[in-house]
**Student:** 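Pasting a structure below so you can have a look.
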There are 4 protein chains.
Amino acid sequence: MSTPPQKTPLYRKIADELANRIASGEFIADRSLPSEFELAAQYQVSRGTIRQTFSHLRATGVVTSRQGTRREAVPG
Amino acid sequence: MSTPPQKTPLYRKIADELANRIASGEFIADRSLPSEFELAAQYQVSRGTIRQTFSHLRATGVVTSRQGTRREAVPG
Amino acid sequence: MSTPPQKTPLYRKIADELANRIASGEFIADRSLPSEFELAAQYQVSRGTIRQTFSHLRATGVVTSRQGTRREAVPG
Amino acid sequence: MSTPPQKTPLYRKIADELANRIASGEFIADRSLPSEFELAAQYQVSRGTIRQTFSHLRATGVVTSRQGTRREAVPG
DNA sequence: GTGGTCTAGACCACC
DNA sequence: GTGGTCTAGACCACC
């Protein structure tokens, strides 16, 4: 009945790490997060992977997004 | 066989709403429309989005525009 | 009786030049044009100005565009 | 043969004052000047007057301007 | 004081 | 990795 072991996808690892960085208060000054471009460079991945990361973080209520402005960490 | 539903962009929704307001006679007094600035405030969007809205309305023959004066509704 | 000369905007000059490059067969291999980013670099303008350029070229039937792919020159 | 005394126009007074502020190094950090809007508020005049001011300062080589970016003081 | 042009940059939808 | 949409802001041309 147990599911076979799943390899954690890269976007999930990055999402967890970003969630930790947010929780630790790294972006507390103005809550606005690095851009897709900056994060892609930081984590050495494509922008598509970063977008998957944010899709997950948005779905779990960790960040909000709006076209034209940077994503922001949800307080609390 | 049918094409999937397309997400309607904001400028299109505003264009449709403005076209309805024009058709309902809201600007009938002198035909001159609110300024870009006023509409941006009314719809809580940027001036750029209002300009995309008017680009569409001009292309469909609903309004005319001239530098230095307010846009006007085309009669009929 | 003649209208005074109008200052030609930058996006119009670029549109005319691109139309000439297309007519001269520069992009004949696969008809696909340089990206917005490349053209912005070539002409030393912002992406917004290149988009205005293409808006004009699309309106005059010189190019076609589709999300996710490069714009193409219309044959003939 | 002497011309009658001329009242110095407001835009000229502001131009002279701004030229002095520039010469004194007030905008030396990045050379970019306050916006039309800010200067209109500072000097309690209309934006049209500020534009006349800059027209004069550009003609006399004190500032440069380019659409989309702030005016800048010319070094030296 | 309006619309027109332009900058610089972001995220979104689609390939 | 492209074009599409959107933000926020500037100066320009014309009224």
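Convention: sequence-line order gives letters A, B, ...; per-chain numbering from 1. The model shown is predicted, which means the values in this text are computed figures rather than measured ones.
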**Student:** Is R12(B) touching bases, backbone alone, or none of the nucleic acid, heavy atoms closer than 4.0 Å?
**Tutor:**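 Counting heavy atoms under 4.0 Å across all strands, no contact is made by R12(B).
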**Student:** Rounded to whole Å, please give me the gap between CG in L33(D) and P in dA10(F).
**Tutor:**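 In whole Å, dA10(F) P and L33(D) CG are 13 Å from each other.
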**Student:** Return the minimal non-hydrogen interatomic distance between A19(B) and L57(B), and the atom names on each side.
**Tutor:**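 In this case the closest contact between A19(B) and L57(B) is CB-CD2, 4.2 Å.
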**Student:** Taking the nucleotide of DNA chain E with the nearest heavy atom to each, does E36(B) or G68(C) sit closer to the 5' end?
**Tutor:**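 Here E36(B) is the residue nearer the 5' end.
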**Student:** Nearest heavy atom decides the nucleotide; on that basis, is E38(B) or P9(C) closer to the 5' end of DNA chain E?
**Tutor:**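 First, find each residue's nearest nucleotide; the 5'-ward one identifies E38(B).
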**Student:** Which pairs pass salt bridge (charged side-chain N to carboxylate O under 4.0 Å, His left out) with one or both residues in residues 39-65 of chain B, sequence neighbours excluded?
**Tutor:**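 Checked against salt bridge (charged side-chain N to carboxylate O under 4.0 Å, His left out) - neighbours excluded - the pairs reaching residues 39-65 of chain B are E36(B)-R47(B), E36(B)-R51(B).
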**Student:** Just to be sure I understand the rule, does Y11(C) reach a base, reach only the sugar-phosphate, or reach nothing, if contact means heavy atoms closer than 4.0 Å?
**Tutor:**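 The residue Y11(C) makes sugar-phosphate contact but no base contact.
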**Student:** Which part of the nucleic acid does R71(B) contact within heavy-atom distance under 4.0 Å: base, sugar-phosphate only, or nothing?
**Tutor:**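 Here R71(B) touches the backbone only, sparing every base.
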**Student:** In whole Å, I'd like the distance from the CD1 atom of I14(C) to the C1' atom of dT7(E).
**Tutor:**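 Distance check: I14(C) CD1 to dT7(E) C1' gives 13 Å.
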**Student:** The test is salt bridge (Lys or Arg N to Asp or Glu O under 4.0 Å); show your working for R12(C) and E17(C) and say whether it passes.
**Tutor:** CA-CA 9 Å; R12(C) 242 336 254 287; E17(C) 186 164 328; over 6 Å; no
**Student:** Going by heavy atoms in the side chains, are F54(A) and L33(A) under 4.5 Å from each other?
**Tutor:**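 In short, these two side chains touch, coming nearer than 4.5 Å.
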**Student:** In whole angstrom, what separates L39(C)'s CG from dT2(F)'s P?
**Tutor:**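 For the pair L39(C) CG and dT2(F) P, the rounded distance is 11 Å.
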**Student:** When all nucleic acid strands are considered with a 4.0 Å heavy-atom cut-off, which category describes R47(C): base, sugar-phosphate, or nothing?
**Tutor:**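 It contacts base atoms.
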**Student:** Nearest whole Å is fine: how far is dG3(E) C1' from E72(B) CD?
**Tutor:**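 The answer, rounded to whole Å, is 13 Å.
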**Student:** Return no unless some side-chain N or O of R58(C) is found under 4.0 Å from OP1 or OP2 of dG4(F).
**Tutor:**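 R58(C) to dG4(F) OP1/OP2: side-chain N or O found under 4.0 Å.
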**Student:** Whole Å only: how far is the CD atom of Q52(B) from the C1' atom of dT5(F)?
**Tutor:**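 Rounded to the whole Å, the gap is 6 Å.
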**Student:** Report the distance from atom CZ of F54(A) to atom P of dC12(E), rounded to the nearest whole Å.
**Tutor:**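 Computing the F54(A):CZ to dC12(E):P distance gives 9 Å.
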**Student:** Which nucleotide, in any strand shown, forms a Watson-Crick or G-U wobble pair with dG1(E), with both distances under 3.5 Å?
**Tutor:**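 For dG1(E), the partner nucleotide comes out as dC14(F), under the 3.5 Å rule.
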**Student:** Spell out yes or no: do the side chain of Q67(A) and the base of dT5(F) have one donor N/O and one acceptor N/O closer than 3.5 Å?
**Tutor:**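 Yes, a donor-acceptor pair under 3.5 Å.
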**Student:** Check the phosphate of dG4(E) against S65(B), side-chain N and O only, distance under 4.0 Å to OP1 or OP2. Yes or no?
**Tutor:**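 Indeed, a polar side-chain atom of S65(B) lies that close.
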**Student:** Counting any heavy atom closer than 4.0 Å, what does R66(C) reach on the DNA or RNA strands: base, sugar-phosphate only, or nothing?
**Tutor:**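 Contact class for R66(C): sugar-phosphate only.
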**Student:** So which heavy atom on A15(C) is nearest to which on H56(C), and how close?
**Tutor:**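 The answer is CB-CD2, 3.7 Å.
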**Student:** Calculate the interatomic distance between R70(C) atom CZ and dG4(F) atom P; express it in whole Å.
**Tutor:**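 Between P of dG4(F) and CZ of R70(C): 13 Å.
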**Student:** Report yes if a side-chain nitrogen or oxygen of S46(C) is closer than 4.0 Å to either non-bridging phosphate oxygen (OP1 or OP2) of dG9(E); otherwise report no.
**Tutor:**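 S46(C) to dG9(E) OP1/OP2: no side-chain N or O under 4.0 Å.
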**Student:** In terms of hydrophobic clusters joined by side-chain contacts under 4.5 Å, are V63(B) and L39(B) together?
**Tutor:**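 They do share one cluster, since a chain of ILVMFWY contacts under 4.5 Å joins V63(B) to L39(B).
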**Student:** Starting at atom CD1 of I50(B), determine the distance to atom P of dG3(E), rounded to an integer number of angstrom.
**Tutor:**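 Atom CD1 in I50(B) sits about 11 Å away from atom P in dG3(E).
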**Student:** Indicate whether OP1 or OP2 belonging to dA8(E) is found under 4.0 Å from a side-chain N or O atom of T69(D).
**Tutor:**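 The answer is no; no side-chain N or O of T69(D) sits under 4.0 Å from OP1 or OP2.
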**Student:** Under 4.0 Å between a side-chain N or O of R51(B) and OP1 or OP2 of dT5(F)?
**Tutor:**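 So the side-chain polar atoms of R51(B) never come under 4.0 Å of the phosphate oxygens OP1 or OP2 of dT5(F).
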